[in-house]
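Lettering of chains follows the sequences in order, A, B, ..., and the numbering in each one begins at 1.
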Amino acid sequence: MNTTWIILGATSAMARAFARRLAAEGAGLLLAGRDMAELTLLAEDCRLRGARLAEPLTFDARDAGGFGALIARLETEEGELNAAVFAGSMPDQSLIDADPALIGGTVTDSFTGPAHFLQLLAPLQEARGGGTVVGVGSVAGDRGRIGNYVYGAAKAGFHTYLSGLRNRLTRAGGHVVTVKPGFVDTAMTWGLPGLFLVASPDAVAGDILRAVKKRRNTIYTPFFWRYIMLIICHIPEPIFKKMKI
Amino acid sequence: MIWKPSDYAGWGRALKASGDVARPERRAQAQSLSAQTPAPAMGMRRSYGDAALNSGGRMIDMTRLDRMTGFDPATGLLEVEAGARIGDIAAAFAPRGWLPAVMPGTGFATVGGCIAQDVHGKNHHHAGSFGQHVAAITLLQHGKTVEVSPDTPLFRATLGGLGQTGIILKAVLRLMPCKGDVMMVTERRAEDWEEHLALLDGSTASYTVGWLDATAKGATLGRGIVEEGETGAGLVKNRTRFRKVPMDAPHFALAAPVVRAFNAAYYNRVPARGRTLVKPIGDFFFPLDKIHDWNRLYGKRGFHQFQCVVPLAAAPELRTMLEDIAASGLASPLAVLKRMGPGRAGYLSFPMEGYTLAIDFPNRDLARALILRLEGRTADAGGRLYFAKDGLGTGARIGAMYPELADWQAEVARADPDRHLETDLVRRLNLRNAQ
């Protein structure tokens, strides 16, 4: 069947790896993000790897006015319409501490912007009787920590949103996969101290694609983060609040 | 974060470096790095020695600029970024009937690295070196893009030029038509040195390479297996299974008795009358890529690979070198013998018409001494060392091995006058100064 994916935040390393895997399967790809020059290069790369269609489009999570045009473009494709959200931003917590106004942008990039877009897309997916949404959250959203709790809070909001959207789309034959990556070797984590067991973007992309095919609800990637977060989430708050992890 | 403090090593893990590494994910970032903080570029660090090391300095990791950005099926011209890996290009294009015209022994090598070392493959006797199939290169020099076309001095200084003429951003490769994504491989035993050379000399196959049992002495000196390959289509191939070496092996993992036993088994697995197999393309071209991190088999001290090429007439000298290696008991299972053609694209390109011998040694005092002896004998025989492998050379006789060194130096001095792009290898061998 004809499937088309719109990928939000397509220039991120994880999104690129995911797009390439979809391209190798011959999917249609609408690659959306802010850096048109980079998106154009990625689109050509995906075409050469076998994508039925690969087209760069502008998406800015902070400019909801542009979402309608993306939805309209997506609507022109026949068959199954899918979306994968890799957009998000993680300013250093110390920068946010110095300028709380940064909270708004972080929440828009990582949660409300993509959610707004998915909310516009949902009726279309319902009308077509299916479709998949992949939402990339973060293990940081499972519990607030001193190091990045604003980013974590935005991702926690996104997780909850995805869970509700899953509840909704399931009724129409659709599906939502919530992805919670641990440390992934991307520009966001490059040079950060204290990282361990860092996964490659391609390994994460492989996990996501498997989860899509098996219609998994929530995955941790790499898988062992489920257990790490299980422990972290069960540390009693009186102890946790004094820890720095 | 732009700069990540890193400890990194060449593929042999015997030579290491510490320093800040930047890894641009967008072209504009690479451009601004080149303008503001020029530093040598590196790819997947598959060079064994210190070609991609810059101790105490900075490096720019190009592996995330790895997109294929244009292909013309009428001409086979593929535009690709420097960080793209040869194996990925092969995997994407072989099913459509195209292959990189020259592929080195690992698919993890990047296009930028293949250019900077002007690598060769199992078809060197027909196709020549990698650079002979490069139609254009785009360099970043001081933040500006510079287009380099073949038949210019800058092109010849860039092919095999160890990254000293600028950061390689992208290139246009002339792909070669192939029948499909499988290989028909014929393996034959060579019982001794003479038969081994005779099989290599007489081979008419597109791809030819000899595996050498470097532990064999006396009457069996030089015995091995000659592999000949042709691409094919419509055949059923085995699935490639990937394995990973999870940790550094203990030092006795490749001790002499183990290697002797392994080599004997490896030799005997091919029937005396020979055999023909169908293999996935990757299995033939990149046999060791199936074992991720195989360099850890040599333990934490790492290993060195020695590779030289000597003129055809110097085959007896090469035999003497092999006698020395066999007598030392230091050899590892990885030893390769190949006949090269004359094809080369740059001033510092390795190939010359003759025989090339590549062999791994664990990083021990005796092995280092042996490699230095082999370096001297290579020079005496009129041959040369391969910069992609070398980690021990002294540089004293590099000028004699590479007669066009001065041409390269002149071009490099123009391209990088402030010496921002020097690497550990360039300093160790004193390549950029008059010899």
Trace of the side-chain contact (heavy atoms from CB on, under 4.5 Å) decision for B:R23 with A:D185: CA-CA 11 Å; B:R23 187 182 63 191; A:D185 189 12; 2.9 Å; yes
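Comparing B:P5, B:G70, B:S6, B:A92 by how many heavy-atom pairs each has under 4.5 Å with chain A, the most go to B:G70.
For B:K179, the NZ atom counts as loosely surrounded, since its 6.0 Å shell holds 12 or fewer non-hydrogen atoms of other residues, nucleotides or ligands. Heavy atoms of other residues, nucleotides or ligands lying less than 6.0 angstrom from CZ of B:R296 number more than 12. Annotation for A:M243: atom CE counts as buried by contact number, over 12 foreign heavy atoms lying within 6.0 Å. More than 12 heavy atoms of other residues, nucleotides or ligands sit less than 6.0 Å from atom CZ of A:R143. With a 6.0 Å radius and a threshold of 12 heavy atoms from other residues, nucleotides or ligands, B:K300 has its NZ atom at or below the threshold.
Contacts between B:V21 and chain A at a heavy-atom distance below 4.5 Å involve backbone atoms as well as side-chain atoms. Using a 4.5 Å cut-off between heavy atoms, B:A91 does not touch chain A at all. Neither the backbone nor the side chain of B:D20 has a heavy atom closer than 4.5 Å to any heavy atom of chain A.
Side-chain atoms of B:D66 and A:R20, non-hydrogen and from C-beta on, do get closer than 4.5 Å to each other.
With A:E38 as the fixed residue, the side-chain contact (heavy atoms from CB on, under 4.5 Å) test singles out one of B:E25, B:Q29, B:R26: B:R26.
Between atom OG1 of residue A:T40 and atom CZ of residue B:R67 there is a gap of 10.0 Å, rounded to the nearest 0.5 Å.
Nearest heavy atoms, B:W3 versus A:W190: C-NE1, 4.5 Å.
For A:R16 (side chain) and B:R64 (main-chain N/O), a donor-acceptor pair under 3.5 Å exists by modelled atom type. A donor-acceptor pair under 3.5 Å is formed between the side chain of A:D45 and the backbone N or O of B:M68.
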